[in-house]
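Letters A, B, ... mirror the listed sequences (proteins, then strands); counts begin at 1.
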There are 2 protein chains.
Amino acid sequence: MKLIGTKWKPLVLFHLLEGPIRSGKLQNKIPDISNKMFTQTVRELEKDNLINRKVFPVVPPKVEYELTEKGKSLESILKSLDTWGKEMSAF
Amino acid sequence: MKLIGTKWKPLVLFHLLEGPIRSGKLQNKIPDISNKMFTQTVRELEKDNLINRKVFPVVPPKVEYELTEKGKSLESILKSLDTWGKEMSAF
DNA sequence: TGCCTATATAACTTTTAGGTAACTTATTGT
DNA sequence: ACAATAAGTTACCTAAAAGTTATATAGGCA
């Protein structure tokens, strides 16, 4: 499972720390991600067992993503990365 | 500075946590890295001010790498990542 | 004379990540 | 009829990351 070495995975996970969220909303939180990369990223995270995908059988579609326990175990790392990145961009 | 999104940077930094080390030794700790990627990676880390490069003017060449203070500030993140990776590969 | 050393670079190729744009789906409301 | 909706897929293309192979260096020593 490559977490590092990918551009989007950590970012998606980071936003999921806030709790379950609809697909579109999550995507909006990451303005620069393309539609394709978003889907691809969440699919991989699902395979990695870091997130769950909940599909509601309605029209138009409704899909929610949320962290699994395994995903939640990344919380401190993700937050540290975020903090570190912000501190360093001050330089 | 892209730490995330690169394959080798975190690994190189992780090995430097043990202290200053000669170029060749460091490279040996990462068996799968190609000669080119090793050089390229340390050069970028140097530009990022995460590591220092010390050149000894001898023949054959002797070069040492060590973390800067900024590099050392990554310690807890790097160690967490390492620990997490090991725990998870148990699955 | 010519080989060995450790570190690095250059030229080139392959692989993978990522982006774009068009299309699908099924139901509701007009 | 048909437009709008949210989520996703597909085919295609480009750019960036990484790998491979060959070469340079300069002094010590057989």
Next item on the list: Flag yes if A/Val63 and A/Val59 sit in one hydrophobic cluster, no otherwise; membership is Ile, Leu, Val, Met, Phe, Trp, Tyr, and two members link when side-chain heavy atoms are under 4.5 Å apart.
Entry: no
Tell me: [atom1] of [X] to [atom2] of [N], nearest whole Å?
| X | N | atom1 | atom2 | result |
| --- | --- | --- | --- | --- |
| B/Asn35 | C/dT9 | CG | P | 10 Å |
| A/Ile30 | D/dA7 | CD1 | C1' | 16 Å |
| B/Phe38 | D/dT21 | CZ | P | 20 Å |
| B/Lys25 | C/dA8 | NZ | C1' | 20 Å |
| A/Ile21 | D/dA7 | CD1 | C1' | 15 Å |
| A/Ile4 | C/dA17 | CD1 | C1' | 16 Å |
| B/Glu64 | C/dA8 | CD | P | 12 Å |
| B/Asp32 | D/dG19 | CG | P | 8 Å |

I'd like a table of atom pairs between the protein and nucleotides 13-18 of chain D - only N or O on both sides, under 3.5 Å - with the distance next to each one.
{"residue": "D/dA17", "atom": "OP1", "partner": "B/Lys2", "partner atom": "NZ", "Å": "2.7"}
{"residue": "D/dA18", "atom": "OP1", "partner": "B/Lys7", "partner atom": "N", "Å": "3.1"}
{"residue": "D/dA18", "atom": "N7", "partner": "B/Lys36", "partner atom": "NZ", "Å": "3.2"}

Check: Between B/Pro60 and A/Val59, which has a closest nucleotide on DNA chain C that is more 5'?
Finding: B/Pro60
Notebook entry, point to check: Is there a donor-acceptor pair under 3.5 Å between the side chain of A/Ser23 and the backbone N or O of A/Glu64?
Noted result: no
Margin query: Under a 3.5 Å distance rule, please check whether A/Thr6 uses its side chain to pair with a backbone N or O of B/Gly5 as donor and acceptor.
Written below: no
OP1 or OP2 of [N] under 4.0 Å from side-chain N/O of [X]:
| X | N | answer |
| --- | --- | --- |
| A/Arg43 | D/dA7 | no |
| A/Arg22 | D/dA7 | yes |
| A/Tyr65 | D/dG8 | yes |

Item checked: B/Glu75 bridged to B/Lys72 by N-O distance under 4.0 Å -> no
Next item on the list: Check the pair A/Lys70, B/Glu87 against salt bridge (charged side-chain N to carboxylate O under 4.0 Å, His left out), reporting the backbone distance first and the verdict last.
Entry: CA-CA 10 Å; A/Lys70 191 171 166 185; B/Glu87 281 170 8; over 6 Å; no
Next item on the list: Step by step, work out the side-chain contact (heavy atoms from CB on, under 4.5 Å) result for B/Leu50 and B/Leu67.
Entry: CA-CA 6 Å; B/Leu50 293 172; B/Leu67 293 180; 5.7 Å; no
Notebook entry, point to check: Side chains of A/Asn35 and A/Gln27: do they bring a donor and an acceptor to under 3.5 Å?
Noted result: yes
